[in-house]
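This report concerns only the one structure given below.
The figures here come from the full heavy-atom set of this structure, side chains too, leaving out hydrogens, waters and symmetry mates.
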Amino acid sequence: MTRVLRPSTALPLWSATALSVIGGLAFMVSFPAPGIWPFAFVAIALSLVSLIGRRPGGALLVGSGFGLAFYVPHVSWAESFLGDNELAWVPWIALAGVEALFMGLGAILISLAYRWVRRIVRAPLWRMGVTAAVIAGLWTMREIVMGSWPFGGFPWGRVGMGQAESPLAQLASWIGVDGLTFVVVFAVALAVEAARLIATGRRQRRWWTLAAPALVLVVAALVPQFPTHVVGSMRIAAVQGNGPTAYLDERGRYDVLNAQLQASEAVLDSGADLIAWPEGGVGLDPRGDDKAALVLSALSRATGAPTLLNAAADVGDDTYNMSMLWTEEGATQTHSKRHPVPFGEYVPARSVFEKIVPSLIGMIGREYTPGTDSPTMTAGDATIGLAICFDVLYDSLVHESINDGAGVLVFQTNNADFRGSAENLQQLEFARMRAIETGRAVVNVSTVGTSEVIAADGSTVEQIAADTSGAIVRDVEVREGTTPAVWGAAWIRGILLLGPFAALVVFGVLAVRFRRSLEA
């Protein structure tokens, strides 16, 4: 092991690849399920050690191995989207493969940073800190790119999003999910560098060298959540109908609506200020169906509260995944999903992909248009921030709702396509992190589970288990105040996106000049 830790040596490629695969599996374990968050630190350490001293080709292999070992099991739920089709595995493996390739490409940059920083920063302790900072920045930069591109990206499996249960979670209220990723990776990279420094056997082998990473984590864990202020409350009834809402479920025209109505009977006399239904909880657009419209208006009349519902809605030639605030008068406010899921809710470059896998693309009949309206609605005196299903993954949308005055967050989702998998728990973890990041209570309501009311500190208030019908009625805090993570989001993301790359370029240029000067 001493050889691994020496600054200028690398593990044999076969053992580095094995370590990275083990690291990818450990990273998977850190997310639900089982969601053992400390495994993320182990995973990152194994990934970084495997990249020390690697050349670009080896780094690509090692990094991709980490990515495959993580993403193949982590997103295995993607296989269930197309049911029993013999090619249903294609979207799963394609998604995991693309994400693994991104991991590999980012690993090349990390391996270069290990090589170049060492050549320029000669003082051991300075090198330890600078290397850790650049490595953490590049890891975070890779997450930002993967969460943004192509087709809007796939911001699933971010280090920061998996730390909702850890003592570091409250940092997200100050520096956002991206910043939390940076801190976690920085602490691990610092520990790796400290171990390498001690392994040299030089005079710098002091107890505080290894104590530095622990000190970073202790200080980070002691930072309290940024305070937001309670200005009132509203009683919200979250209704989980457990109806036939999967894409391929067989159902009659009103089966989904009837399941939600039946579950809503428990809240008729609850005195709720808002009835929250999940994404796809109607099964049709009630604006174009008189029977459904009458029933929903009757529900609002009986409860004395508007119903927040969701359906596929046609507007001219466009179709939107649209949430509506339904009162006795019908839909009075709307918000449409900002980020339809590629290859799920629309097919980018359909004509191209139809030539590659025509049978699969032909099964995806939906072509949702991205929404452009504010992710907020007003119910009584409260402004509600919205995110429809995977929109919860996108920092900018959630932050926009807070900037538009949201005092409480309601996330509507439909997990029926992924019944029996950990997808709903993974998404619920993201909702929990949003509560901490924004300082807002969250009502996460699903068609088939898991639905949950989450306090502003990320703790669970009440839950409806998966695959059950039920309702939660709770007085939910309405809060005001904007966390640094929200008001500084653009700066934080910009620095973490451009700063690490700029630093790598600078060190690369200096390293080349340094080598040429030695050769001269």
Side-chain angles (χ1 to χ4, degrees), residues 30-37 77 161-166 169-170 172 225 233-243 245-246 259-260 262-268 270-281 307-310 384-393 398 408-479:
S30 73
F31 288 88
I36 308 173
W37 61 265
W77 41 262
M161 279 296 191
Q163 295 295 303
E165 302 288 343
S166 88
Q170 71 279 356
Q225 184 179 2
S233 67
M234 66 182 304
R235 180 165 293 186
I236 299 179
V239 181
Q240 177 175 300
N242 198 40
T245 51
Q260 283 294 135
Q262 185 175 356
S264 298
E265 291 178 2
V267 305
L268 292 178
S270 64
D273 300 308
L274 176 71
I275 313 298
W277 282 15
E279 177 192 28
T307 301
L308 177 64
L309 52 87
N310 174 279
I384 304 161
L386 304 174
I388 303 170
C389 200
F390 279 20
D391 268 0
V392 73
L393 301 175
V398 177
V408 62
L409 300 175
V410 179
F411 299 153
Q412 300 166 283
T413 185
N414 177 11
N415 307 112
D417 288 314
F418 313 113
R419 279 184 186 267
S421 75
E423 185 273 343
N424 69 314
L425 297 178
Q426 293 170 11
Q427 190 173 335
L428 190 62
E429 186 87 343
F430 306 154
R432 197 179 315 283
M433 184 56 73
R434 292 306 185 195
I436 298 169
E437 178 189 34
T438 63
R440 299 294 191 272
V442 170
V443 177
N444 188 83
V445 56
S446 172
T447 49
V448 300
T450 303
S451 296
E452 197 166 285
V453 174
I454 304 167
D457 62 0
S459 61
T460 298
V461 177
E462 189 172 345
Q463 180 186 97
I464 306 172
D467 301 318
T468 59
S469 174
I472 299 172
V473 180
R474 280 284 177 172
D475 290 327
V476 179
E477 292 177 342
V478 177
R479 290 174 170 257

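- In this structure a side-chain-to-backbone donor-acceptor pair under 3.5 Å is present from Arg434 to Val392.
- With hydrogens and angles disregarded, a donor-acceptor distance shorter than 3.5 Å links the side chain of Ser451 to the backbone of Ser446.
- Side chain of Asn310 to main chain of Gln412: no donor-acceptor pair is present (N/O by atom type, distance under 3.5 Å, no hydrogens or angles).
- Arg474 contributes atom CZ, which lies 12.5 Å from atom OG of Ser233 (distance to the nearest 0.5 angstrom).
- Side-chain contact between Gln426 and Met161: absent, with no pair of heavy atoms (C-beta onward) separated by less than 4.5 Å.
- One finds the CH2 atom of Trp77 at 10.0 Å from the CG atom of Asn415 (value rounded to the nearest 0.5 Å).
- Of the candidates Glu452, Gln427, Glu437, Glu452 is the only one forming a side chain to side chain donor-acceptor pair (under 3.5 Å) with Arg432.
- Looking only at side-chain heavy atoms (C-beta outward), Thr447 and Pro278 come within less than 4.5 Å of each other.
- The heavy-atom pair separating Gly470 from Ala263 by the smallest distance is O-CB, 4.2 Å.
- Between the CG atom in Leu274 and the OG1 atom in Thr307 there is a gap of 7.5 Å [rounded to 0.5 Å].
- Closest approach of Leu428 to Gln463, counting heavy atoms only: CD2-NE2, 4.4 Å.
- Side-chain atoms of Arg419 never come within 3.5 Å of backbone atoms of Asp467 as a donor-acceptor pair (strictly under, hydrogens ignored).
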Are Thr468 and Asn242 close enough, and set up right, to give a side chain to side chain contact (heavy atoms under 4.5 Å, CB included), and what steps lead you there?
CA-CA 6 Å; Thr468 59; Asn242 198 40; 5.5 Å; no
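- A donor atom on one side chain and an acceptor atom on the other are not found under 3.5 Å apart for Ser469 and Gln262.
- Smallest separation of non-hydrogen atoms from Trp277 and Ser264: NE1-OG, 3.1 Å.
- Here the closest non-hydrogen pair linking Ala169 and Ile436 is O-CG2, 3.4 Å.
- Val408 places none of its side-chain heavy atoms less than 4.5 Å from the side chain of Arg440.
- Shortest non-hydrogen contact noted between Ala246 and Ala416 is N-CB, 3.4 Å.
- Side-chain atoms of Glu279 come within 3.5 Å of backbone N or O of Asn414 as a donor-acceptor pair.
- Using a 3.5 Å distance cut-off with no hydrogens or angles, the side chains of Gln225 and Asp457 do not pair a donor with an acceptor.
- For the atom pair Ile275 CD1 and Arg235 CZ, the distance stands at 11.0 Å (nearest 0.5 Å).
- Using cut-offs of 30° and 60° for the angle between ring planes, the Phe418 and Phe390 rings count as parallel.
- Atoms OG1 and CD1, on Thr413 and Ile388 in that order, are 10.0 Å from each other to the nearest 0.5 Å.
- In this structure, the side chain of Gln240 engages the main chain of Ala465 through a donor-acceptor pair within 3.5 Å.
- The minimum heavy-atom distance between Thr450 and Ile464, with the atom names listed, is CG2-O, 3.3 Å.
- Using modelled atom types, no side-chain atom of Ser459 and backbone atom of Ala455 make a donor-acceptor pair closer than 3.5 Å.
- Note that the CD1 atom of Ile384 and the CG atom of Asp273 stand 9.5 Å from one another [nearest 0.5 Å].
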